[in-house]
Amino acid sequence: MSFDHLRATYFEECAELLESAYAQLAALAQGREDADTVHALFRAIHSIKGGGGAFGFGRLVGLAHAMETLLDLLRDGTIAFTPELVTLMLRGTDALADLLAAERDGAAAPPGLEAELTEAFLAAAAGTGAPASPAAAPPAAAAACDTGWRLRFRPHPAMFRNANEPLLLVRELRRLGPVTVAADASRLPPLERLEAEDAYIAWTFELTEPAPRDKVEEVFEFVIDDCELEIEPLAAESPVDLVPASPSDIVAPSGERPPPTRPPAEAASPVRAEAAAPSVRVDVSKIDRLVNLVGELVINQAMLLQHASILPADLCPGLINGLETLAQHSRELQEGVMAIRTQPVKSVFARMPRLVRELSAQLGKDVRLVITGEATEIDKTVVEQLADPLTHLLRNALDHGIETPDAREAAGKPRQGTVHLGAEQRSGRIVIELSDDGRGIDRARVLARARERGLVAADAALSEAEIDELIFLPSFSTAATVSAVSGRGVGMDVVRRNIQALGGRITLESRFGQGSRFVLSLPLTLAVLDGLVVAVGSEAYIVPISAIVESLRPHVEDIHAVPGRGNVLALRGAYIPLLPLHARFGVPGAVTDPSCGIVVIVETDHAGRLGLMVDELVGQQQVVVKSIEANYGQIGGVGGATILGDGRVALILDIPGLGAGVPPTTTRTIQPQPALQ
Amino acid sequence: MAKRVMTVDDSRTMREMVTFTLRKAGFDVSEAEDGQQALDVLKTAPVDVLITDLNMPRMDGVTLIRALRGDPKWRSVPILMLTTESDANKKAEGKSAGATGWLVKPFDPQKLIDVVKRVAG
């Protein structure tokens with residue numbers, strides 16, 4: 001274990017604590033204001049602060065402390081939660097997350113990020129008349145004395161009950177210098193009246209070393225309330241005149257000590273356990289190794305089955321049956337192992353209600369968010385990267401989709417708009433839907449806007465689906481005015497790119513006046529990919545299904561040669577550059593005439609559509625992704641490799657990488673512009 | 001034999017810090033995530049010093065201290081509380097429940113070692 005390891009643990013734990021804090025705040029926002037929720041929220045902030053202090057994250061600690069001060073008052077019921085306080089807490093938690101991210105990445109958080117919030121928390125706490133921030137006692141002046149100290153020490157029984165041991169105090173004092181000890185046993189009663197747990201003996205210690213007074217006091221730090229202690233300079237006869245008196249100099253005799261207050265029963269009762277399934281923390285790399293091994297197993301089993309399939313069926317029926325059972329078990333094992341890496345989408349969905357609440361307040365709209373399927377599980381990496389695209393879609397839905405209450409009423413809709421966020425597993429993929437009952441997409445306006453921006457030729461006739469597609473182009477935005485909520489039109493293309501990077505697809509359905517529905521289809525895991533196996537010469541390649549638009553056998557007359565650029569394919573008024581895979585990867589014996597092969601049209605990030613020339617389509621299958629980079633090195637245009645059922649290695653194409661090698665043509669009808677900065 | 005210390009804290013970071021610091025100083029350190037788990041483990045694996053957080057789910061530190069002090073075997077075992085300055089009331093509560101001493105979070109590693117040595121003898 002090292003310091004770096006501790007830091008890593010801290011940030012990892014903080015991610016969980018923040019998630020917990022958001023969950024509690026979501027519950028509070030919905031009016032579920034029970035003691036457990038507030039306690040759990042307090043603990044989360046408290047733990048973030050505790051670790052932060054240890055690493056010297058001063059700004060973080062300052063903010064967390066202010067939040068904690070307020071939470072403390074909320075916790076003991078001094079003040080009640082209001083929607084404003086929930087919002088304030090959310091903003092505070094956001095700021096904590098930002099400060100944590102900055103510390104983690106070694107970046108400086110923007111100055112003043114938290115100052116105003118800290119003030120707001122302290123003000124909210126101070127408004128109740130409670131102390132805003134428990135002032136730390138100023139350190140006692142380190143009074144020194146050039147001779148040494150005499151200490152008169154008389155323990156109270158409470159000291160022994162708390163397992164404090166006078167002998168250890170003497171030993172500790174000895175570390176400061178030579179000590180002489182004189183015991184005063186005058187109060188010791190006769191044996192028959194002696195109570196084993198009472199305290200009878202007093203001591204006088206003389207420390208003949210000029211140690212700082214605070215060092216001497218520190219020795220008695222834990223027992224100061226449970227004893228009588230007088231400390232005076234050794235030479236002094238009259239201590240009161242020489243040492244400035246402070247309350248801690250001479251502890252009140254036992255009679256004046258306030259009786260130990262019994263804490264209210266409620267505070268001492270154990271907090272009810274949060275319902276959490278028992279879990280084991282495992283290093284992700286261990287799981288990945290397991291995923292990999294199971295992948296190998298599945299491939300092996302497929303190879304065995306393929307070899308066995310050429311045997312006459314009656315030769316060894318037991319073998320075939322056994323292999324088929326093995327195939328089934330391997331698949332189940334694979335699913336089981338994949339499931340270890342998965343996480344409920346809840347962790348992302350849980351952030352959305354507050355977003356809706358804040359935005360609708362900001363926009364003056366009344367919006368109800370309905371969440372379904374939050375228990376649906378998906379690969380951890382995918383979950384983590386869903387937050388940004390979903391946030392963006394939700395912002396768009398609220399800003400552009402849902403109308404104001406008055407406008408809705410005028411359109412004959414309920415004043416309150418509804419946004420539905422749902423997740424479900426559908427045939428090996430996770431489908432996330434975000435729909436709203438707002439105004440939908442105004443296709444005429446979208447088309448006008450696209451023409452105005454030169455994205456579409458003035459005379460191009462586009463289908464409804466093609467018009468909807470336009471909003472995914474870089475720098476496209478129909479918002480008449482740039483709004484603070486949904487940004488500056490650099491949105492949907494980024495959303496699509498993020499989703500595609502996860503091996504997913506995003507589609508849009510919309511009915512003008514009735515609402516829009518975005519459907520995100522995502523792979524269950526990044527370790528397995530839905531691929532189209534294509535043949536090029538004697539080689540097989542995998543094209544990720546998520547990138548494929550369509551495939552076709554082109555007509556000779558649609559293929560045009562562009563000098564210096566190779567061939568382009570004319571398709572419904574657009575020109576798509578053709579990339580012969582055999583040439584790209586140097587495969588001999590492949591079909592070289594485009595009109596004799598098949599063109600698989602894929603969508604790339606920057607170069608628009610691209611036509612991959614292949615010999616034939618072999619079939620669609622799930623493949624286990626193997627890293628080439630880890631074993632060999634990076635190859636342009638190749639994202640990984642897999643082993644097919646017949647034991648052959650097939651390269652998985654990296655579509656964005658392939659696209660980067662092709663100069664974008666200037667003859668397309670629909671021509672994305674580079675994103676505006 | 002190395003002195004046995006148990007750290008009870010719901011924060012993994014805090015537990016690991018205490019463990020890291022004290023192991024380097026030669027202590028034999030075990031961990032528990034809350035009071036209840038500590039009680040369960042301590043039944044079979046006693047320690048020489050216990051360091052506990054106060055704010056924890058399931059069973060908080062004060063309840064843990066009170067439960068332990070109610071057992072004669074635990075009368076003379078030092079129990080340290082890990083508190084923050086905002087826990088002033090909690091500290092008093094912990095003391096009256098029987099805590100031997102306390103450490104203020106964030107703690108200076110050397111201070112932790114010193115304090116544990118001070119109470120453990």
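Labels below follow one simple rule: chain letters A, B, ... track the order of the sequence lines, proteins then strands, and each chain is numbered from 1. These figures come from a predicted structure and were not determined experimentally.
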How close do [X] and [Y] get, counting heavy atoms only, and between which atoms?
{"X": "A:Leu63", "Y": "A:Glu114", "answer": "CD2-CB, 3.8 Å"}
{"X": "B:Leu82", "Y": "B:Val18", "answer": "CD1-CG2, 4.2 Å"}
{"X": "A:Lys49", "Y": "A:His65", "answer": "NZ-ND1, 3.0 Å"}
{"X": "B:Arg69", "Y": "B:Val77", "answer": "NH1-O, 2.8 Å"}
{"X": "B:Asn55", "Y": "A:Arg43", "answer": "O-CD, 3.7 Å"}
{"X": "B:Met56", "Y": "B:Glu33", "answer": "SD-O, 4.0 Å"}

Side chain / backbone / both / neither for [X] at chain B, heavy atoms under 4.5 Å:
{"X": "A:Arg161", "answer": "backbone"}
{"X": "A:Val61", "answer": "neither"}
{"X": "A:Arg175", "answer": "side chain"}

**Q.** Quiz item: cation-pi between A:Arg174 and A:Phe205, 6.0 Å / 45°
**A.**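 The answer is no; the distance or angle limit is not met.
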Tell me, side chain or backbone of [X] under 4.5 Å from chain A's heavy atoms, or both, or neither?
{"X": "B:Leu80", "value": "side chain"}
{"X": "B:Asp10", "value": "both"}
{"X": "B:Val119", "value": "both"}
{"X": "B:Lys24", "value": "neither"}
{"X": "B:Arg12", "value": "both"}

Q: Take B:Ile79 and B:Leu64 through the side chain to side chain contact (heavy atoms under 4.5 Å, CB included) test and state the conclusion after the steps.
A: CA-CA 10 Å; B:Ile79 303 177; B:Leu64 171 67; over 6 Å; no
Q | Inter-chain contacts: residues 8-16 of chain A against chain B, heavy atoms under 4.5 Å | A |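 Within residues 8-16 of chain A, the residues that come under 4.5 Å of chain B (heavy atoms only) are A:Thr9, A:Tyr10, A:Glu12, A:Glu13, A:Glu16.
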Q | Residues A:Arg7, A:Asp4: salt bridge by 4.0 Å N-O rule | A |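 Result for this pair is no, no salt bridge flagged.
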Q. Does the pair B:Lys111/A:Glu218 count as a salt bridge with the N-to-O cut at 4.0 Å?
A.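 Result for this pair is yes, salt bridge flagged.
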Q: Report the option among A:Leu169, A:Ile48, A:Leu17, A:Asn164 that has the most heavy-atom pairs separated by less than 4.5 Å from atoms of chain B.
A: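 So the answer, after comparing A:Leu169, A:Ile48, A:Leu17, A:Asn164, is A:Asn164.
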(Q) Could you tell me if B:Asp60 and B:Thr63 have a donor-acceptor pair between their side chains, going purely by distance under 3.5 Å? (A)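 Yes, because at least one side-chain N or O of B:Thr63 sits under 3.5 Å from a partner of the opposite role on B:Asp60.
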Q. Within a strict 4.5 Å, meaning less than it, do heavy atoms of the A:Leu74 and A:Phe42 side chains meet?
A.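 A:Leu74 does not reach A:Phe42 side chain to side chain.
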Q. Any side-chain heavy atom of A:Leu6 sitting closer than 4.5 Å to one from A:Phe55?
A.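 Side chain of A:Leu6 against side chain of A:Phe55, heavy atoms only: contact under 4.5 Å found.
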Q) Between B:Arg15 (side chain) and B:Asp9 (backbone), is there a donor-acceptor pair under 3.5 Å? A)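 Yes, B:Arg15 side chain to B:Asp9 backbone: donor-acceptor pair under 3.5 Å.
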Q | For chain A, which residues of residues 45-52 of chain B have heavy atoms nearer than 4.5 angstrom | A |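 Counting heavy atoms that sit under 4.5 Å from chain A, no residue of residues 45-52 of chain B is involved.
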**Q.** Between B:Ala99, B:Ala97, B:Pro78, B:Ser76, the one whose heavy-atom pairs under 4.5 Å with chain A are most numerous
**A.**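 Sorted descending by pairs with chain A, the first entry is B:Ala99.
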